[in-house]
Chemist: 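Before I ask anything, here is the structure I am working with.
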Number of protein chains: 2
Amino acid sequence: MPRLTRAESVQRTRSLLLTAAEEVFAEKGFTQASLEDIADRAGYSRGAVYANFTNKEDLFLALLGDWLDRDIEESEEILAPGGDAMQTVDALRGRGGNRFADRERFALMLEFRLYAIRNPLAAQALRDYDRKSRDWYARSIRRVIQGMGLPLPAPAEQVALVALALEHGIALLAHTDPEAISQDSYLDAATLLGTALISAAERERSAR
Amino acid sequence: MPRLTRAESVQRTRSLLLTAAEEVFAEKGFTQASLEDIADRAGYSRGAVYANFTNKEDLFLALLGDWLDRDIEESEEILAPGGDAMQTVDALRGRGGNRFADRERFALMLEFRLYAIRNPLAAQALRDYDRKSRDWYARSIRRVIQGMGLPLPAPAEQVALVALALEHGIALLAHTDPEAISQDSYLDAATLLGTALISAAERERSAR
DNA sequence: GTCTATACGAAGATAGAC
DNA sequence: GTCTATCTTCGTATAGAC
């Protein structure tokens with residue numbers, strides 16, 4: 001009697017390969033990464049890769065799907081426990097200021113975006129991901145604003161788009177120039193935006 | 001007597017190769033683009049590439065430098081004629097809402113960023129570029145705010161960083177999901193930020 | 001399903017003629 | 001400086017044993 005059933009063993013190999021792929025793709029990029037690199041790191045041979053995925057692109061897409069799902073899950077956890085504004089900000093700070101503060105994570109995300117420019121399947125996956133991210137922001141914003149009993153001077157969806165764009169934009173700039181721009185200047189930027197909006201909202205309220 | 005001097009001829013070839021490289025790199029990405037593709041498009045053979053650049057990477061870096069310089073020049077032109085706020089916004093709108101609205105231009109920019117993650121020389125060039133861009137924004141913001149006779153609730157440099165990050169972030173999201181997010185939602189986002197800041201500034205002034 | 005061995009093509013880079 | 005021909009490396013993918 002094997003400790004792992006056949007199905008479990010298959011899943012395990014697949015999972016190990018995906019983890020290895022994530023690391024290697026992040027380090028070298030899609031085209032630079034060889035299947036041998038990936039198989040080696042997972043402790044298998046090239047044959048194992050082809051037994052589990054039809055080709056390199058298929059592996060990359062599987063990784064993309066996995067990665068996006070995991071990221072969304074993590075986000076939900078941050079928001080989940082009925083936490084207030086401060087808790088959410090603290091959780092974000094714990095993540096290094098923004099989701100893409102980690103160099104490898106960021107590189108992989110860029111790699112996906114670039115790939116998606118020329119690949120419809122990848123583009124679809126990223127669209128879903130972005131929409132979920134934006135939705136997450138919209139819910140967070142509504143929760144915070146409601147907690148303060150203030151009217152929003154703009155729809156939560158629009159503010160969410162701005163916040164999401166800021167998260168990506170700051171990550172991009174900070175990774176290029178880490179000495180001048182820290183990753184958690186995202187939190188500063190979000191704070192600037194937030195206080196300006198709240199101030200505008202209060203002004204509007206008191207004008208009535 | 002040749003129509004072109006020797007030096008001019010050299011410059012011409014180099015320039016043709018760079019233009020071809022820009023197109024091919026934008027279409028296929030750095031690793032996917034072959035030197036033969038590029039040479040073909042320019043009407044030369046691979047040998048010509050090696051006569052003008054030491055290798056593929058050198059060509060890519062030369063293109064990066066050219067591209068950044070051109071972009072900065074264009075930006076200066078927009079700001080130059082002592083234009084007011086509306087003129088600047090109109091000029092931006094004429095550019096498709098943001099600098100990276102064009103698909104190829106955007107792809108190339110991402111390609112450069114990704115490359116820079118692993119290449120110090122490219123990273124340095126992008127840093128200079130980003131600092132100039134940020135500076136451009138800071139000058140624009142100061143000009144607009146001064147024109148309105150208002151105090152800024154935050155340093156122009158910080159607001160400039162936010163604007164620059166927004167430009168990049170919106171381009172990223174809009175290219176992934178063009179149906180849901182238009183490129184000129186950058187202008188909406190900037191407007192949202194701007195009015196909120198101005199509102200906050202006016203509130204502060206009237207509080208005194 | 002996983003391994004080893006191998007076929008095959010693609011593309012960067014070099015050598016030498018013009 | 002530019003071309004053609006060639007070398008060489010590398011990585012995807014397949015075939016067949018276990």
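So that the names make sense, note that chain A is the first sequence line, chain B the second, and so on, each numbered from 1.
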Chemist: Of all heavy-atom pairs between Arg118(A) and Gly29(B), which one has the smallest distance, and what is that distance?
Modeler: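 Scanning both residues, the minimum pair turns out to be NH2-N, 3.4 Å.
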Chemist: Do Gln124(A) and Arg127(A) have a side chain donor and acceptor closer than 3.5 Å?
Modeler: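 Present: a donor and an acceptor within the cut-off.
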Chemist: What is the nucleic acid contact for Ser45(A), judged by heavy atoms within less than 4.0 Å: base, sugar-phosphate only, or nothing?
Modeler: base
Chemist: What pairs with Phe112(A) under ring-ring contact (aromatic ring centres under 6.0 Å, His included), at least two apart in sequence or on another chain?
Modeler: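 Residues passing ring-ring contact (aromatic ring centres under 6.0 Å, His included) with Phe112(A): Phe60(A), Trp67(A).
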Chemist: Among side-chain atoms of Ser34(B) and Asp37(B), is any donor-acceptor pair under 3.5 angstrom?
Modeler: yes
Chemist: Quick one: label Ser9(B) by what it contacts on the DNA or RNA (base, sugar-phosphate, nothing), any heavy atom closer than 4.0 Å.
Modeler: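 Nothing, no heavy atom under 4.0 Å.
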Chemist: Here's a test for you: under ring-ring contact (aromatic ring centres under 6.0 Å, His included), which of Phe100(B), Tyr186(B), Phe106(B) qualifies with His175(B)?
Modeler: Phe106(B)
Chemist: With a non-hydrogen cut-off below 4.0 angstrom, is Ala33(A) in contact with a base, only sugar-phosphate, or nothing?
Modeler: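 Result for Ala33(A) = sugar-phosphate.
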Chemist: Which residues within residues 50-63 of chain A lie with some heavy atom under 4.0 Å of an atom in DNA chain D?
Modeler: Tyr50(A), Asn55(A), Lys56(A)
Chemist: Between Arg46(B) and Leu35(B) (side chain of the first, backbone of the second, donor and acceptor by atom type, cut-off under 3.5 Å), is there such a pair?
Modeler: no
Chemist: Between which nucleotides of DNA chain C, 5' to 3', does chain A make heavy-atom contacts below 4.0 Å?
Modeler: dG1(C) to dT6(C)
Chemist: Which heavy-atom pair separates Trp136(A) from Ser75(A) by the least distance, and what is that distance?
Modeler: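 Where Trp136(A) meets Ser75(A) most closely, the heavy atoms are NE1-O, 3.0 Å.
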Chemist: Side chains of Leu64(A) and Leu61(A), heavy atoms from C-beta outward: is any pair under 4.5 Å?
Modeler: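 They are in contact (side-chain heavy atoms under 4.5 Å apart), so the answer is yes.
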Chemist: In whole angstroms, how far is the P atom of dT9(D) from the CD atom of Gln32(A)?
Modeler: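 Gln32(A) atom CD is separated from dT9(D) atom P by 17 Å.
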